[in-house]
Enquirer: 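My structure is below; once you've seen it, I'll send some questions.
Numbered from 1 within each chain, the chains take letters A, B, ... in sequence-line order.
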There are 2 protein chains.
Amino acid sequence: MKKPNPPFMTGVPELLVLRLLAEREMYGYEIVRAIRLASRDAIVLAEGVVYPLLHAMEAKGILTAKERKVEGRNRVYYRLSAKGQKRLDALIGEWERVQEGVHSVLENPTHGSV
Amino acid sequence: MKKPNPPFMTGVPELLVLRLLAEREMYGYEIVRAIRLASRDAIVLAEGVVYPLLHAMEAKGILTAKERKVEGRNRVYYRLSAKGQKRLDALIGEWERVQEGVHSVLENPTHGSV
DNA sequence: GTTCGATACATACAGCCAATAGGTATAATA
DNA sequence: TATTATACCTATTGGCTGTATGTATCGAAC
């Protein structure tokens with residue numbers, strides 16, 4: 001059986017994390033807060049979501065990780081690879097396609113039919 | 001362990017099907033085509049997605065089903081129950097919340113931080 | 001009159017995302 | 001000294017949704 005495509009709406013956490021890291025390198029705990037802030041609490045990704053995601057993306061070569069000691073604390077900073085930038089572009093395109101598709105159906109559900 | 005909430009982006013097929021049925025009663029095969037049409041091929045739900053979804057929603061009391069013979073063909077027509085209308089409203093709200101949240105992060109990823 | 005595509009329904013199987021629930025350790029604060 | 005915030009981590013689970021496949025009938029084409 002062919003590997004199924006991911007569902008329509010998945011990949012949002014990945015999209016958001018990549019978008020943040022496109023801005024500047026960040027560490028996991030910081031990403032968790034930043035998403036909550038930037039989305040005004042509309043989207044809250046728990047650490048249990050973000051950390052495994054970061055690890056998976058690093059394993060895929062989408063991100064590179066660098067441990068660093070800052071203010072007496074160990075942090076793992078992530079940054080986008082070239083592959084990650086491409087992945088981000090693809091996810092943004094996907095998102096826009098789906099978002100517009102949903103919008104069309106919501107606004108004009110019986111276009112062409114009836 | 002508490003039952004986990006569904007992921008952010010799931011529920012799109014359900015949302016779209018409910019939105020169509022809020023307009024008028026429809027049958028499964030028709031719904032498949034209508035979503036493709038209304039979304040201009042942005043979203044293509046195969047029959048293997050739509051039919052089980054309709055069954056599940058009927059089982060939950062969100063839809064009511066009525067078999068009917070039209071033009072020599074057996075069709076199962078679905079229509080929204082009151083519960084279904086509420087469910088639709090909730091999903092639309094969810095969608096808008098997430099959609100705006102994603103938009104905010106994409107447009108202004110480092111709001112409040114930096 | 002048979003073959004083919006479109007219509008119309010259905011289920012089995014599988015994969016993977018992400019949500020919850022924990023757990024460790026250190027710094028700062030009260 | 002106890003608690004809160006920081007900062008990382010993994011295990012487990014569950015459900016959505018994708019693919020594949022099967023059945024049957026109608027109409028059109030050949």
Side-chain angles (χ1 to χ4, degrees), chain A residues 1-18 25-36 43-60 62 65-78 87 91 94-95 98 102 113, chain B residues 1-18 25-36 43-60 62 65-78 87 91 94-95 98 102 113:
Chain A
M1 187 126 38
K2 198 180 126 194
K3 181 162 64 166
N5 294 326
F8 288 108
M9 302 190 61
T10 55
V12 165
E14 186 179 1
L15 169 60
L16 300 185
V17 169
L18 287 175
E25 68 170 11
M26 294 176 83
Y27 58 98
Y29 197 78
E30 183 184 18
I31 292 173
V32 170
R33 279 180 313 195
I35 290 178
R36 227 181 327 115
I43 296 172
V44 177
L45 299 182
E47 297 168 47
V49 172
V50 171
Y51 287 119
L53 182 54
L54 289 169
H55 301 159
M57 290 196 277
E58 191 198 350
K60 283 181 193 162
I62 290 174
K66 194 185 345 174
E67 193 158 2
R68 210 183 309 159
K69 189 151 202 157
V70 180
E71 293 163 23
R73 290 193 175 277
N74 276 331
R75 296 172 175 173
V76 184
Y77 281 87
Y78 293 92
R87 174 73 175 149
L91 283 178
E94 265 299 289
W95 167 259
V98 170
V102 170
S113 42
Chain B
M1 187 127 43
K2 198 181 124 191
K3 182 162 65 168
N5 293 327
F8 288 109
M9 305 189 56
T10 56
V12 165
E14 186 181 2
L15 168 62
L16 300 185
V17 169
L18 287 175
E25 66 171 10
M26 294 175 83
Y27 57 98
Y29 196 78
E30 184 185 15
I31 292 173
V32 171
R33 277 179 315 193
I35 290 178
R36 227 182 326 119
I43 297 173
V44 178
L45 299 182
E47 298 169 50
V49 172
V50 171
Y51 287 120
L53 181 54
L54 289 169
H55 301 159
M57 290 197 274
E58 192 199 349
K60 284 181 193 160
I62 290 174
K66 192 185 350 174
E67 194 158 1
R68 209 186 307 159
K69 187 153 202 157
V70 181
E71 293 164 23
R73 289 191 176 278
N74 277 331
R75 296 172 176 172
V76 184
Y77 281 86
Y78 293 90
R87 174 73 175 150
L91 284 177
E94 264 300 289
W95 167 258
V98 170
V102 171
S113 43

Enquirer: Just to verify, what does Arg75(A) make a salt bridge (charged side-chain N to carboxylate O under 4.0 Å, His left out) with, not counting sequence neighbours?
Expert: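 Salt bridge (charged side-chain N to carboxylate O under 4.0 Å, His left out) list for Arg75(A), sorted by chain: empty.
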Enquirer: Please work out which residues in residues 50-58 of chain A have a non-hydrogen atom less than 4.0 Å from an atom of DNA chain D and list them by number.
Expert: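 DNA chain D contact set from residues 50-58 of chain A: Tyr51(A), Pro52(A), His55(A).
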Enquirer: Counting only side-chain nitrogens and oxygens, does Tyr27(B) get under 4.0 Å of the OP1 or OP2 atom of dC9(C)?
Expert: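 So the side chain of Tyr27(B) is outside the cut-off, no N or O lying under 4.0 Å from OP1 or OP2 of dC9(C).
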Enquirer: Sequence neighbours excluded, which residues qualify as salt bridge (charged side-chain N to carboxylate O under 4.0 Å, His left out) partners of Arg68(A)?
Expert: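 Counting only residues at least two positions away or on another chain, Arg68(A) forms a salt bridge (charged side-chain N to carboxylate O under 4.0 Å, His left out) with Glu25(A).
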Enquirer: Could you tell me the separation between the CG atom of Leu91(B) and the P atom of dC16(D), rounded to a whole number of Å?
Expert: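 Taking atom P of dC16(D) as the reference, CG of Leu91(B) is at 11 Å.
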Enquirer: Between Met26(B) (CE) and dA8(C) (P), how many Å, whole number?
Expert: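 Distance, rounded to whole Å: 11 Å.
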Enquirer: Nearest-Å distance, CG (Leu45(B)) to P (dC9(C))?
Expert: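 Rounded to whole Å, this separation is 15 Å.
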Enquirer: Tell me, please, which residues at least two apart from Tyr29(A) pass ring-ring contact (aromatic ring centres under 6.0 Å, His included).
Expert: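 For Tyr29(A) there are no ring-ring contact (aromatic ring centres under 6.0 Å, His included) partners, ignoring immediate neighbours.
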Enquirer: Atom CD of Glu47(A) to atom P of dA5(D): distance rounded to whole Å?
Expert: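 Glu47(A) atom CD is separated from dA5(D) atom P by 13 Å.
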Enquirer: Measure from CD on Glu94(A) to P on dC17(C) and round the result to the nearest Å.
Expert: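 The distance from CD of Glu94(A) to P of dC17(C) comes to 14 Å, rounded to the nearest Å.
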Enquirer: For the pair made of CZ in Arg33(A) and C1' in dA5(D), what is the distance, rounded to whole Å?
Expert: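 Rounding to the nearest Å, CZ of Arg33(A) and C1' of dA5(D) are 9 Å apart.
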Enquirer: For Arg36(A), check salt bridge (charged side-chain N to carboxylate O under 4.0 Å, His left out) against everything at least two apart and list the hits.
Expert: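 Residues passing salt bridge (charged side-chain N to carboxylate O under 4.0 Å, His left out) with Arg36(A): none at all.
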Enquirer: Measure from NZ on Lys66(A) to C1' on dA7(D) and round the result to the nearest Å.
Expert: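 After rounding, the reported distance stands at 18 Å.
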Enquirer: Begin with the C-alpha distance, continue with both residues' side-chain angles, and end with the deciding distance and a verdict on side-chain contact (heavy atoms from CB on, under 4.5 Å) for Arg87(B) and Leu91(B).
Expert: CA-CA 6 Å; Arg87(B) 174 73 175 150; Leu91(B) 284 177; 3.9 Å; yes
Enquirer: Heavy atoms under 4.0 Å, any strand shown: does Gly28(B) hit a base, just sugar-phosphate, or nothing?
Expert: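 If one applies the 4.0 Å heavy-atom cut-off, Gly28(B) turns out to touch the sugar-phosphate alone, with no base involved.
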Enquirer: Compare all side-chain heavy atoms of Glu14(A) with those of Ile62(A) and state whether any distance is below 4.5 angstrom.
Expert: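 Counting from C-beta outward, Glu14(A) and Ile62(A) do come under 4.5 Å.
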Enquirer: Return the set of residues passing ring-ring contact (aromatic ring centres under 6.0 Å, His included) with Tyr77(A) (not counting sequence neighbours), or none when no residue passes.
Expert: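 Tyr77(A) satisfies ring-ring contact (aromatic ring centres under 6.0 Å, His included) with Tyr27(A) once adjacent residues are dropped.
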Enquirer: Looking at Tyr29(A), I'd like to know whether one of its side-chain N or O atoms comes within less than 4.0 Å of OP1 or OP2 on dT6(D).
Expert: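 Checking Tyr29(A) against dT6(D): at least one side-chain N or O falls below 4.0 Å of OP1 or OP2.
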Enquirer: Would you list the protein and nucleotides 25-29 of chain C atom pairs, both N or O, that sit under 3.5 Å from each other?
Expert:
{"from": "dT26(C)", "atom 1": "O2", "to": "Arg73(A)", "atom 2": "NH1", "distance (Å)": "3.0"}
{"from": "dT26(C)", "atom 1": "O2", "to": "Arg73(A)", "atom 2": "NH2", "distance (Å)": "3.0"}
{"from": "dA27(C)", "atom 1": "O4'", "to": "Arg73(A)", "atom 2": "NH2", "distance (Å)": "3.0"}

Enquirer: Starting at atom CD of Glu14(A), determine the distance to atom C1' of dA19(C), rounded to an integer number of angstrom.
Expert: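 My rounded result for the distance is 17 Å.
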Enquirer: Strictly under 3.5 Å: I want the nitrogen or oxygen pairs between protein and nucleotides 1-3 of chain C, one per line.
Expert:
none

Enquirer: Could you tell me whether the side chain of Met57(A) reaches within less than 4.5 Å of the side chain of Leu18(A), counting heavy atoms only?
Expert: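 In short, these two side chains touch, coming nearer than 4.5 Å.
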Enquirer: With side chains defined as the heavy atoms from C-beta onward, is the minimum distance between Ile35(B) and Val17(B) less than 4.5 Å?
Expert: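 Heavy-atom side-chain distance check passes, below 4.5 Å.
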Enquirer: Do Ile31(B) and Leu54(B) come within less than 4.5 Å of each other through their side chains, counting heavy atoms only?
Expert: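 The answer is yes, as the side chains (C-beta and beyond) meet within the 4.5 Å cut-off.
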Enquirer: For nucleotides 1-4 of chain D, list the nitrogen or oxygen atoms of the protein found under 3.5 Å from its nitrogen or oxygen atoms, one pair per line.
Expert:
none

Enquirer: Under the side chain to side chain contact (heavy atoms under 4.5 Å, CB included) rule, collect the residues that match up with Ala46(B), sequence neighbours excluded.
Expert: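 Here no residue qualifies.
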Enquirer: For the helix from dG1(C)-dC30(D) to dA30(C)-dT1(D), what angle lies between the axis at the first five pairs and the axis at the last five pairs, to 10 degrees?
Expert: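 For the helix from dG1(C)-dC30(D) to dA30(C)-dT1(D), the axes at either end differ by 10°.
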